Number of protein chains: 2
Amino acid sequence: MKKSAPATEQRELRVTIDDVARVAGVSKATVSRFLNHRTTRLSPEIALRVEKAVADLAYMPSPMAQALKRGRSRLIGLVVADITNPFSVAVLRGAEDAAQKAGYLVMLFNLGNAGEREREGIEALASYQVEGFILNTLGADSSVARELSRHGKPAVLVDRRLMGMQADFVSLDNTDAVRQAVTHLVGNGWSEFLYVTEPVAGVSPRVERAAAFRTAAAEHARDMGGSLVFEAAEGDDAALDQALLDLKRRAGKKPKAVLASNARTTLRVAESVARLGWVLGRDVGFVGIDETPWASLVGPGLTTIEQPTDDIGRLAVGCLLERIQGQDLPPRQVLLTGRLVARASSQPPAR
Amino acid sequence: MKKSAPATEQRELRVTIDDVARVAGVSKATVSRFLNHRTTRLSPEIALRVEKAVADLAYMPSPMAQALKRGRSRLIGLVVADITNPFSVAVLRGAEDAAQKAGYLVMLFNLGNAGEREREGIEALASYQVEGFILNTLGADSSVARELSRHGKPAVLVDRRLMGMQADFVSLDNTDAVRQAVTHLVGNGWSEFLYVTEPVAGVSPRVERAAAFRTAAAEHARDMGGSLVFEAAEGDDAALDQALLDLKRRAGKKPKAVLASNARTTLRVAESVARLGWVLGRDVGFVGIDETPWASLVGPGLTTIEQPTDDIGRLAVGCLLERIQGQDLPPRQVLLTGRLVARASSQPPAR
DNA sequence: TTGTATGCGTTATCAC
DNA sequence: GTGATAACGCATACAA
């Protein structure tokens with residue numbers, strides 16, 4: 001019945017371990033041993049026969065069956081808050097690459113910014129026996145931590161911390177990044193500052209960066225006029241325009257600069273500046289977190305802080321694999337430092 | 001032995017169909033039927049018991065085991081040429097979304113532009129019993145078509161055709177898109193044209209768009225001065241600068257315009273224009289294929305042709321699911337029309 | 001209508 | 001050293 005291969009319709013030609021065993025004239029146990037426990041000694045002659053059969057049939061074990069048996073799937077689950085976000089994609093790239101190199105495949109679950117689906121995503125991925133998670137979540141659903149530990153599978157957080165979650169964490173060194181930006185601008189002679197961020201709302205990188213800005217501002221107090229943090233609500237461009245106008249009024253004749261918390265904010269600030277008829281780097285200094293391919297093309301070129309996104313992804317799966325391999329370390333934090341890419345938007349103000 | 005759950009170490013608390021059966025006081029066959037064949041009539045009383053047990057235990061079938069048994073995994077394999085490419089990501093987004101809604105999960109394999117890994121990717125994904133493929137490949141490895149039909153699994157091509165591959169194909173209507181761009185520019189009074197593309201090298205969308213440009217140029221011959229196609233090699237910025245200078249010389253006093261084949265090309269053209277000290281929309285008209293978040297910020301704003309990327313992804317999995325459900329249709333082509341987003345870079349030339 | 005038994009492709013525990 | 005054989009969790013043909 002198994003041998004009947006109708007030539008008309010191409011049937012499933014999956015080569016199984018039984019086929020190999022039959023061709024090699026051994027039992028499947030032997031084949032399995034040959035494949036998995038290279039240590040145990042097989043008689044050379046048999047080893048050769050098996051090896052040849054495997055090669056001839058181009059046999060590849062079914063990861064599904066393996067997963068079912070051993071409980072390990074060589075799969076990594078990646079839950080991402082918003083695949084539209086270039087940062088997420090960059091991390092994904094690094095992660096997928098590192099995973100591939102380690103013989104793992106990535107299963108993706110995109111939340112589309114729908115926080116309530118976090119549990120759903122983890123659930124779905126877990127059901128496929130992923131061996132661990134990389135989470136770039138919204139942190140909206142606090143039950144995620146429980147959900148995760150319920151499965152007892154390792155997880156590493158990327159970019160965003162999760163309250164009540166004891167796990168490895170890989171991210172940009174936000175404090176240092178903001179400090180670099182402020183130091184750079186102050187050093188170039190800018191003195192009135194506005195830090196623009198998406199609504200903080202307890203999202204950890206936003207919280208940290210805003211706090212870092214306040215700290216840095218305090219550190220540079222004697223070289224700075226004033227500093228303010230503005231939370232730019234999603235669609236409210238008018239408010240952002242107004243914040244910039246306020247900055248201008250506040251600054252008077254002193255050179256004013258804006259610091260944007262990420263690429264999306266950078267976009268919005270650039271648009272706002274354009275609406276006001278200002279020119280970046282002339283009417284207002286600028287540094288934005290997140291390097292982008294278009295940074296050099298906007299105005300006179302935008303100074304940015306580049307995140308080592310690739311490394312973030314790579315290190316995230318690195319951490320994860322260590323956990324998967326059973327190492328029982330305490331939760332680690334991996335903070336990567338950003339790199340300031342200086343362009344004309346932050347050059348010393350005229351006069 | 002199964003019942004011994006050491007309280008010290010949280011053991012695998014995977015709920016299996018056996019657990020449900022035990023709790024409900026029925027056989028696992030009954031549970032399975034309740035879950036899969038809602039049609040077959042169970043005695044209401046038993047159905048209720050099973051339902052309650054499933055709910056109480058929060059039972060979720062193991063997709064792995066199901067896949068092993070039925071040969072179907074509710075998994076879709078997505079092979080992407082370069083996850084760094086915003087277009088790929090946009091498609092991925094749409095695809096992942098549609099897949100999720102249909103109860104499928106996406107397994108991702110990124111080629112990182114390494115064409116020789118196409119087979120590897122398909123192989124890896126296939127081994128996980130993905131039910132079908134969505135391919136946005138490089139087309140470098142011609143063995144891919146064979147590889148695919150070997151597995152007998154449906155595939156749909158996105159954006160790039162594959163030689164010798166009979167499969168569904170979803171893409172932007174390249175011909176129409178280029179025609180829109182040319183018509184728009186000609187209508188606004190631009191007359192000398194340069195079409196800039198990445199090296200064509202047999203890559204189908206590049207071929208098609210370049211061809212479409214030549215056709216459109218021919219159609220508008222009486223309103224156009226001249227038209228040329230330039231293939232911008234990867235790192236060779238000087239050549240691109242020279243091409244633009246040639247365009248200028250050729251055009252003389254006539255208004256000259258550049259058409260960029262995609263977002264990456266747009267970036268390079270914009271950089272080149274900046275190097276030459278020109279201003280888009282004034283010294284040179286411009287339209288680029290691919291809408292981007294930064295299009296409005298470069299120069300006076302870049303006119304673009306927006307691809308319906310989301311729909312492309314969505315329709316791709318739509319096609320795929322139809323195939324998976326066994327419909328035996330002839331290969332289809334789904335061509336989606338782009339939308340011209342007019343900005344100042346293509347406004348009628350001064351004078 | 002429900003239960004029993006078998007097999008999907010592996011790995012692992014026994015015997016031999 | 002090697003080969004039966006029993007799981008892994010599930011779906012289904014068949015028996016009841």
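Naming convention: chains lettered A, B, ... in sequence-line order (proteins, then strands); numbering from 1 in each chain. Since the model is a prediction, treat every value here as computed from it, not as a measurement.
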If you measure from the Lys or Arg side-chain nitrogens to the Asp or Glu carboxylate oxygens, is any gap between [X] and [Y] under 4.0 Å?
X	Y	result
A:Arg22	A:Asp18	no
A:Glu322	A:Arg332	yes
A:Asp97	A:Lys101	yes

Starting at [atom1] of [X] and ending at [atom2] of [N], how long is that distance when rounded to a whole Å?
X	N	atom1	atom2	result
A:Arg72	C:dT10	CZ	C1'	13 Å
A:Ile17	C:dT11	CD1	C1'	8 Å
A:Leu35	C:dG9	CG	P	16 Å
A:His37	C:dT11	NE2	P	8 Å
B:Arg70	C:dG9	CZ	C1'	17 Å
A:Met64	D:dC10	CE	C1'	13 Å
B:Asp19	D:dC8	CG	P	11 Å
B:Phe34	C:dT1	CZ	P	15 Å

(message) Starting the side chain at C-beta, find the nucleotide from D:dG9, C:dT10, C:dA12 nearest to A:Thr16.
(response) C:dT10
(request) Would you classify B:Ser32 as touching base, sugar-phosphate or nothing, given that sugar-phosphate means primed atoms plus P, OP1 and OP2, and contacts are heavy atoms under 4.0 Å? (result) base
(request) Kindly give the heavy-atom pair with the smallest separation between B:Leu320 and B:Gly132, and that separation in Å. (result) CD2-C, 3.8 Å
(request) Mind running a 4.0 Å heavy-atom check of residues 54-61 of chain A against DNA chain C and sending the residues that fall below it, in number order? (result) A:Tyr59, A:Met60, A:Pro61
(request) Please list all pairs passing the side chain to side chain donor-acceptor pair (under 3.5 Å) test where one or both residues lie in residues 53-69 of chain A, with sequence neighbours left out. (result) A:Lys52-A:Asp56
(request) With sequence neighbours excluded, tell me which residues meet side chain to side chain donor-acceptor pair (under 3.5 Å) with A:Asn36. (result) A:Ser32, A:Arg70
(request) Mind checking salt bridge (Lys or Arg N to Asp or Glu O under 4.0 Å) for B:Arg160 and listing every partner two or more places apart, or none if nothing turns up? (result) none
(request) Kindly write out the residues that satisfy salt bridge (Lys or Arg N to Asp or Glu O under 4.0 Å) with A:Arg72, not counting sequence neighbours, or none if the list is empty. (result) none
(request) Report yes if at least one side-chain N or O of B:Gln66 is closer than 4.0 Å to OP1 or OP2 of D:dG9; otherwise report no. (result) no
(message) Could you check whether A:Ser171 and A:Asp159, counting side-chain N and O atoms only, form a donor-acceptor pair closer than 3.5 Å?
(response) no
(message) Using a 4.0 Å heavy-atom cut-off to protein, can you give one letter per nucleotide of nucleotides 1-7 of chain D, 5' to 3': B if the base is in contact, S if only the sugar-phosphate is, - if neither?
(response) SBBB--B
